[in-house]
Each structure stands twice: as structure tokens, then as C-alpha cells.
4 protein chains.
Amino acid sequence: MPEEPRRQARGQRRMEQLTDAAAVVFAEAGYAKATTNAIAKQAGVSPGTLYQFFANKEALAEALADRYRAELKAAHEKAFDLNMAKLPLPELVDRMIRPMVEVNLANPGFKALFSSGDLPDRLTAPTRALQQAVTGRVAEVIAARIPDLPAEQRDTAAAVATQIFAALLGTIVTAPPADRERWITELNRALVGYLSPLESA
Amino acid sequence: MPEEPRRQARGQRRMEQLTDAAAVVFAEAGYAKATTNAIAKQAGVSPGTLYQFFANKEALAEALADRYRAELKAAHEKAFDLNMAKLPLPELVDRMIRPMVEVNLANPGFKALFSSGDLPDRLTAPTRALQQAVTGRVAEVIAARIPDLPAEQRDTAAAVATQIFAALLGTIVTAPPADRERWITELNRALVGYLSPLESA
Amino acid sequence: MPEEPRRQARGQRRMEQLTDAAAVVFAEAGYAKATTNAIAKQAGVSPGTLYQFFANKEALAEALADRYRAELKAAHEKAFDLNMAKLPLPELVDRMIRPMVEVNLANPGFKALFSSGDLPDRLTAPTRALQQAVTGRVAEVIAARIPDLPAEQRDTAAAVATQIFAALLGTIVTAPPADRERWITELNRALVGYLSPLESA
Amino acid sequence: MPEEPRRQARGQRRMEQLTDAAAVVFAEAGYAKATTNAIAKQAGVSPGTLYQFFANKEALAEALADRYRAELKAAHEKAFDLNMAKLPLPELVDRMIRPMVEVNLANPGFKALFSSGDLPDRLTAPTRALQQAVTGRVAEVIAARIPDLPAEQRDTAAAVATQIFAALLGTIVTAPPADRERWITELNRALVGYLSPLESA
DNA sequence: TATGAATGAGTGTTCATTCAT
DNA sequence: TATGAATGAACACTCATTCAT
């Protein structure tokens with residue numbers, strides 16, 4: 001009797017249902033104002049069921065952040081490999097940026113978790129994890145491009161670049177689609193401007 | 001008998017007491033989770049008193065934002081004048097940045113209002129006003145330095161610079177004091193990197 | 001498994017519990033001073049539960065008014081039919097009045113909703129609905145008894161009769177039981193006195 | 001030095017100011033929802049001053065009721081004397097009713113105190129006093145007209161008549177001026193209908 | 001007398017979370 | 001597993017009343 005696997009599969013589906021719903025509600029209301037009851041309803045499920053799978057609102061955010069992390073990673077792996085690290089910097093930056101913007105556009109809840117100043121302390125954890133996933137990836141690319149850069153400088157640069165990216169992401173996503181390209185260009189220029197001096201060091 | 005002025009003075013003091021308290025509580029809890037009762041208690045005052053001076057939580061935030069705006073302006077005016085616009089860019093940026101960092105360090109609630117993604121819609125107004133005060137100032141300086149730059153490019157640059165600044169502000173303020181200088185340097189490099197290409201256009 | 005019906009039944013019971021409690025508290029304190037927390041406590045339930053079933057205090061009053069309307073209708077239908085419209089007027093009036101007085105005596109909150117001057121504007125709606133239910137019934141009876149009476153006169157008479165009734169209801173219900181019959185007689189005389197001239201028109 | 005009288009005069013004026021203001025606010029908001037601060041503001045006075053003259057909200061209502069009582073009495077005395085008690089009943093009733101309606105129309109707060117179902121228990125006192133002033137006057141007239149009527153019946157009749165009057169007053173005052181005369185007629189018919197059988201007893 | 005800032009218990013309402021079914 | 005009724009502490013805000021000036 002394949003009871004167990006079936007159950008697990010069902011559970012898996014439920015969890016996705018719920019994180020999907022959370023993404024929608026976080027996107028509409030922001031994390032702080034999102035209510036678990038609203039998320040449950042959006043998932044077509046009772047509040048009790050939600051708590052069967054997630055210990056609390058925060059756990060839901062964490063799961064969502066994990067999912068975004070995975071999606072981000074997949075998008076990057078698909079669009080980017082370390083051989084590209086030697087491309088001209090503006091092009092390299094462009095190739096880094098685009099998939100992230102697309103993941104963002106495709107996932108309305110992303111921004112609520114990725115760039116948010118007003119969260120309860122404990123939620124900073126998943127937010128930070130999400131940011132660090134990006135930072136780590138950026139650090140890798142920098143390492144591939146400028147192998148001689150001391151680790152500390154490299155990590156600092158990656159952190160700063162990520163923060164610049166996070167800051168402008170909101171503007172890009174919120175902007176009318178027609179303006180989006182312009183803001184992406186600005187983001188590119190900002191990152192190139194910041195990173196290029198490192199290469200000649 | 002200076003009855004009236006005395007009373008007004010008392011009212012003035014109370015309002016400061018309350019915005020002070022709001023700053024503390026916003027800093028600790030963020031705007032969304034800050035409670036008016038907590039603010040009143042922090043001010044050593046009953047909730048009713050708070051509402052004698054401020055119509056609601058939002059009004060408190062607005063008043064606080066106004067105060068920060070004024071303080072920012074004063075700090076800038078003291079430390080900076082447009083003659084400096086012709087200094088070497090890194091130095092210019094440094095002179096712009098430092099007073100803002102100091103105002104921030106001195107005002108724990110600043111960040112909660114200045115860089116916050118998760119606010120009720122209506123609060124976006126004071127937040128935006130605060131950001132725009134900065135953006136405007138930056139635009140002025142750019143205009144003084146690169147008079148031929150088209151207005152649109154100038155405003156875009158000012159907006160982007162402000163957002164980069166806002167993004168790194170958190171890191172600077174949160175960082176252990178020993179690391180602060182390092183982060184300020186990075187912020188400087190980021191801004192210089194972004195802005196310098198404009199000069200040769 | 002009769003899960004669903006059982007749940008619904010429970011919900012139904014809760015709603016009755018809550019309207020019962022509201023009736024008691026409205027009766028004791030009047031609508032304006034009645035607090036939802038007091039109603040919840042009277043129902044032996046937490047405030048949150050109250051709001052699971054009723055969107056707000058007003059909704060509770062509306063439900064209560066509806067219930068009274070239904071009870072009134074039932075009482076009338078049981079004790080009265082239009083064939084009686086041809087009885088001698090005093091007897092007819094008596095048969096109209098008695099069931100209403102009884103419903104009133106049995107429902108302590110009735111008066112608070114039926115005859116109340118000091119309600120928030122929006123609550124006037126259920127109050128008015130309740131009064132109009134009575135007015136409508138009275139108009140029907142008048143129509144059956146005096147078919148030739150122009151509609152406008154009939155409706156005016158019904159409205160006035162209802163108001164006379166509402167005015168004396170308080171006295172009747174408040175009076176010591178021993179005096180009640182006396183006041184009912186007076187109410188009867190008042191209504192007969194007002195209505196009888198219409199018959200000879 | 002005429003200090004004392006001047007002071008008293010000033011106090012008198014203040015009290016009038018305040019009862020005037022209370023009348024306005026009661027009329028607009030009803031007794032329950034009227035706030036003492038609103039009354040003070042309407043009087044152009046601070047809340048503290050209000051409490052210098054009136055122990056509480058209720059005392060204000062009492063004073064207002066007293067004033068209305070006096071005004072009513074004056075109006076009646078001006079328009080009516082006991083010789084009229086022998087007029088045909090409809091005319092007599094008309095002469096009783098009109099001045100009261102006029103006082104009502106001229107005093108927007110009257111209704112809030114005279115016919116109000118939803119008041120805190122203790123306020124019932126002034127309301128009742130107001131109603132009893134009317135009842136007493138009606139009883140006098142009945143006594144003059146039907147001297148042989150036993151006191152108990154007379155008082156009952158006066159009470160009932162007053163309540164009928166109170167009930168329809170709201171309709172009359174609220175109605176569009178064009179309809180007012182019609183409602184006054186109905187009130188007259190109701191009272192005549194109720195009272196005329198007493199005469200032939 | 002007059003002021004108006006101050007009080008604080010209390011209001012209607014919300015929501016993360018639990019638990020009997 | 002799933003339900004959804006139930007919880008209750010907490011929230012933003014109000015207002016009759018007091019009191020230092």
C-alpha cells in the first residue's frame with residue numbers, strides 16, 4: 001500500500017498551495033499586514049490546516065523565502081555560467097541582473113521578503129538568507145573574474161552590490177513596464193560604476 | 001502674565017516629548033508594530049494625552065518625518081554649500097554623506113521612516129517626502145556641478161543616488177562603530193562610481 | 001457523518017446565544033451604552049467569537065430586530081386572522097395589541113430597538129424596519145375593515161396608531177404587573193378613539 | 001462695589017451660553033453621543049469652565065430641561081387660560097398643542113430630552129420631570145373641563161395624552177414643513193378621540 | 001473664574017493561534 | 001488530515017472628568 005508516499009505527496013501539494021497563497025497575500029498587503037486567516041482562505045483551506053504545515057506566520061515566510069532562493073538559483077544556473085565572468089563588465093552585470101528581475105516580476109511576493117525594512121526582528125532571518133543567497137552568488141562571480149581580490153574585499157563588494165540591487169529592485173518592479181528598461185540601465189550603471197574600480201586594483 | 005506663552009511652551013515640549021518617544025518606539029519596533037500606547041508610555045504620558053496633540057499614529061509619523069527633514073536640512077546647510085560642488089567628486093560626496101549619517105546616528109527612528117517598504121499606504125507620503133527632500137538636495141548639487149546635464153538625467157541620477165544611499169544607510173548605522181568608516185567608504189565609492197561618468201558626458 | 005449539519009447547528013445555536021445576550025444587554029443598558037464585550041460575556045463567549053458571527057454591533061442589532069419581526073409575525077398569525085377584521089373595534093384592537101404586548105414582555109430587548117430616539121443613524125434602519133412591520137400589519141387590518149378608505153389615509157392612520165402603540169408600550173412593560181391590564185385598557189381606548197371616526201367616513 | 005452681582009450676572013450668562021450649546025449639540029448628536037468637550041467648544045469655552053458650572057453632563061441636561069419647562073410654561077400661559085377649558089374639545093386641544101409644537105420647533109434640543117428611549121437611567125429624571133410638567137398642565141385642564149372626573153382617572157388620562165403627544169411630536173418636527181399641518185391634525189384627532197369619551201362619563 | 005493639558009478606564013474590533021470534533 | 005469555531009490579549013482611539021496654573 002503506497003499510503004505513505006501518497007500522503008507525503010498530498011502534504012507537499014498543500015504546502016505549495018499555502019506558500020502560493022502566502023505569496024499572493026504578502027504581495028497585496030505586505031508581510032506585517034498579511035493575516036494568516038487571509039492566507040488560509042486564499043489557499044482554500046482552513047486556518048487549522050495552515051498550522052498543520054507551518055508553525056506560524058514566520059515559518060510560512062521562511063518557506064516562501066526558500067522557494068524564492070531555489071527559483072533564483074535555477075534562473076541563474078539556466079542563464080549564467082562562470083565562463084561568462086570574463087565578459088565585459090556591463091554585459092556581465094546585465095546577465096546577472098536580468099534573471100533576478102524576471103524572477104521578481106514573476107513572483108509578486110518576492111519583494112515583500114527581499115527588500116523590507118519594517119519586519120519583526122525574527123523575520124529578518126529569512127530575508128537575510130535570501131539576500132545572502134544573492135550575495136554569495138555575486139561573490140562567486142567576482143571571485144571568478146578577479147581571482148586575486150582578497151576575500152574580504154570581495155565579500156564586502158558582493159554585499160554592497162546586493163544592497164544596491166535590492167534598493168533599485170523596488171523601483172524597477174513598481175515602475176510602469178515602459179520605464180522598466182531605463183531603470184535597469186541605471187541599476188547596471190550603478191553596479192558597473194561600483195565594481196569596475198576593483199578590476200584595476 | 002505670560003500665561004498663554006507658557007502654556008504653548010508646555011504644549012511644544014509635550015509634542016517634542018511625544019515625537020521623541022515615537023522615534024524610540026519606531027526604531028525598536030518599526031512603524032507597523034509600534035503601538036500608540038507604547039509611545040505614550042515611553043513619553044511618560046497617558047494615551048489620551050498623545051491624542052490631544054496628534055490625531056493618530058500616522059500624524060505622529062508625519063511630525064517625526066518633518067522634524068527629520070528639518071534636521072537634515074540644517075545639518076546640510078551647516079556642513080555644505082554649493083561652492084563645494086566643484087570639489088573633487090569623492091570629497092564632495094563625502095561632505096554630502098557625513099551629515100546625513102550623523103543625523104541618522106543621532107536619530108534612532110530615522111531609518112524606520114526613511115527606508116521602509118512595508119508601511120500602510122498613507123504613510124508612504126511622509127516617507128516619500130523625506131526621501132524627496134534628500135533627492136532634491138542631491139539634484140541641486142548635481143545641477144551646480146554639471147550645469148549642462150539635462151534635467152531628466154539629473155533627476156534620475158539624484159533618485160538613484162538617494163536610493164543607494166538609503167540602502168547602505170541601514171548597514172552603516174547597524175554596523176559596529178569600528179566598521180562604520182569602512183562602510184561609509186564603500187558607500188562613497190558606490191556613489192562616486194555611479195555619478196562620475198555623468199561628468200564626462 | 002453528519003459533520004456539516006452539526007457544525008451549522010452549532011453556529012445557529014451560537015448566533016441565538018449571542019442575540020439572546022444582546023437582547024439582555026440592550027435591555028439593561030440601551031443600545032448606545034451596550035458594549036460588545038459585555039454582550040460576549042453575557043453569552044459566555046469571547047469577544048472574538050462574537051465577531052465571527054456578527055460583523056459589528058450594528059449587525060447584532062439588525063439580527064435581533066429581524067428576530068423580533070419574525071416573532072411578532074408569528075404571534076400575530078397565530079392569534080389573529082383577517083376574518084376578525086369585522087369584529088367590534090375594541091375587541092379587534094384588543095386582539096391586535098395582546099400578542100404584541102406578550103412578545104414584548106417575553107423579549108426584554110425589544111423596546112430598546114423598537115422605540116428608541118437616540119440611536120446612531122445607521123441603526124435607525126432596523127428600528128424603522130421593525131416599526132414598519134407593525135405599521136404594515138395594521139394597514140392590512142384597516143384595509144380589510146374599511147375597504148373604501150383611501151390608501152393615503154389608511155397609511156397615515158396605521159403610522160399614527162403604531163406610534164401611539166409604541167409610546168404606551170414602554171409604560172405597559174415597565175409597569176408593575178398588577179397595573180398592566182389597566183394600561184392596556186387605556187391603550188385600547190386611545191386606539192379605538194383614534195380609529196373609530198374613520199369607520200363612519 | 002457691585003462685585004458680587006456682576007459676578008453672578010456673568011455666571012448667569014455663562015450658564016446660558018452652556019445650556020445653549022448643550023441644546024445645539026444634543027440636537028445634533030442625541031444625548032448619548034453628545035460629548036461635554038463638544039459642548040464646551042460649541043460654547044466657546046474650555047471643558048474646565050463647563051465643569052465649574054455643571055457637575056456633569058447630566059446636570060447640563062437637567063438645566064436644559066428646566067429651561068424648556070419654563071419656556072413651555074410661559075408659552076402656555078401666554079396662549080392659554082383655563083377659561084378656554086370649555087371650548088369645543090378639538091379647539092381646546094389645538095390651543096394646547098400649538099404652543100408646544102412651537103416651543104419644540106424653536107428649541108432643537110427639546111426632543112432629545114423630551115422623547116428619548118435610550119438614555120442612561122439617571123437621565124430619565126429630567127426627562128420625566130419635563131414630561132410631568134406637561135402632564136400636570138394637561139391634568140389641570142382636564143380638571144377644569146370635567147370637574148367630576150375622579151383624580152385617578154384624570155391623571156391617567158393626562159399621562160396617556162402626554163405620551164401620545166410625545167410620540168407624535170417627533171414626526172411633526174421631523175416632517176417637511178409642508179406636511180406638518182397634516183400631522184398636527186392627526187395628533188389632534190388622536191387626542192380628541194382618546195379624551196372625548198371621558199366627557200360623557 | 002478660566003484654562004486646556006492630562007487622565008485612564010473603557011470602546012469596538014482584530015488576528016495569530018489552538019483544539020474539539 | 002482537515003475543519004472552523006473559539007480564544008483573548010492587544011490595538012487604535014475616545015471622553016467624562018480633574019487639576020495645576
Side-chain angles (χ1 to χ4, degrees), chain A residues 7 10-11 14 33-41 44-60, chain B residues 1-4 6-8 10-11 13-15 32-41 43-58 60, chain C residues 1-4 6-8 10-11 13-15 32-41 43-60, chain D residues 7 10-11 14 32-41 44-60:
Chain A
R7 246 192 225 151
R10 190 141 50 111
R14 273 273 182 271
K33 298 205 109 187
T35 75
T36 53
N37 286 351
I39 293 169
K41 178 181 270 188
V45 137
S46 77
T49 298
L50 186 159
Y51 281 89
Q52 212 109 38
F53 291 93
F54 297 96
N56 48 40
K57 196 176 161 182
E58 197 193 327
L60 212 36
Chain B
M1 267 170 292
E3 277 268 324
E4 263 268 321
R6 192 142 64 205
R7 257 209 264 286
Q8 282 185 10
R10 185 143 55 113
R13 231 177 304 132
R14 271 278 179 267
M15 291 185 69
K33 297 208 111 189
T35 76
T36 54
N37 286 356
I39 293 169
K41 179 177 272 187
V45 135
S46 76
T49 298
L50 186 158
Y51 283 90
Q52 205 122 39
F53 292 95
F54 297 95
N56 47 39
K57 196 177 160 182
E58 198 193 327
L60 211 37
Chain C
M1 268 168 294
E3 277 269 323
E4 264 268 319
R6 192 140 65 206
R7 258 209 262 290
Q8 281 185 12
R10 185 145 53 113
R13 230 176 304 135
R14 270 278 178 268
M15 292 186 68
K33 297 206 113 188
T35 76
T36 53
N37 285 357
I39 293 169
K41 180 179 271 187
V45 135
S46 77
T49 296
L50 187 159
Y51 282 90
Q52 205 124 39
F53 292 93
F54 298 96
N56 48 40
K57 196 178 161 182
E58 198 192 328
L60 212 37
Chain D
R7 248 194 224 149
R10 189 140 53 108
R14 273 272 183 271
K33 298 205 109 187
T35 74
T36 53
N37 286 351
I39 294 168
K41 176 179 272 186
V45 137
S46 78
T49 298
L50 184 157
Y51 281 88
Q52 213 106 39
F53 292 94
F54 297 96
N56 48 39
K57 197 177 159 182
E58 198 194 326
L60 212 36

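First the proteins, then the strands, lettered A, B, ... as listed; each starts at 1. In what follows, every heavy atom counts, from backbone to side chain, and hydrogens, waters and symmetry copies are set aside. Given the structure is predicted, the values throughout are model-derived calculations rather than measurements.
Across every strand in view, dA9(E) sits in a pair with dT14(F) that passes the Watson-Crick or G-U test at under 3.5 angstrom. The base-pairing partner of dT21(F), taking Watson-Crick or G-U wobble contacts with both distances under 3.5 Å, is dA2(E). Pairing for dA16(E) goes to dT7(F), judged as Watson-Crick or G-U wobble with the two contacts each under 3.5 Å.
In this structure the side chain of F54(A) never reaches within 4.5 angstrom of the side chain of T36(A), judged on heavy atoms. The side-chain heavy atoms of T49(B) and S46(B), taken from C-beta on, include a pair separated by under 4.5 Å.
Listed pair Y51(C) / dT13(E) meets the phosphate criterion, a side-chain N or O lying under 4.0 Å from OP1 or OP2. Dashed line: the shortest gap from a side-chain N or O of S46(A) to OP1 or OP2 of dG4(F) is not under 4.0 Å. The shortest distance between the side-chain N/O atoms of R13(C) and the OP1/OP2 oxygens of dA5(F) is not below 4.0 Å. Residue R14(C) has a polar side-chain atom (N or O) positioned under 4.0 Å from OP1 or OP2 of dA6(F). Dashed line: the shortest gap from a side-chain N or O of T49(C) to OP1 or OP2 of dA5(F) is not under 4.0 Å.
The distance from atom CZ of F53(A) to atom CG of L60(A), rounded to the nearest 0.5 Å, is 12.0 Å.
Rounded to whole Å, atom P of dT18(E) lies 16 Å from atom CZ of F54(A). Between L60(B) atom CG and dC11(F) atom P the separation is 15 Å, expressed in whole Å. Distance M15(C) CE to dG4(F) P: 16 Å, rounded to the nearest Å. Per the geometry, CD belonging to Q52(B) stands 12 Å off C1' belonging to dT18(F), to the nearest Å. Rounded to a whole Å, the CG atom of L50(A) is 13 Å from the C1' atom of dT18(E).
Scanning all heavy atoms of the two residues, the minimum distance from A40(A) to L50(A) falls at N-CD1, 4.0 Å.
The residue among V45(A) and A38(B) whose nearest nucleotide of DNA chain F lies closer to the 5′ end is V45(A).
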Protein-nucleotides 9-11 of chain E N/O pairs closer than 3.5 Å?
none

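Heavy atoms of F53(D) sit under 4.0 angstrom from primed sugar atoms or phosphate atoms, though from no base atom.
Under a 3.5 Å cut-off, the side chain of K57(B) and the backbone N or O of A34(B) do form a donor-acceptor pair.
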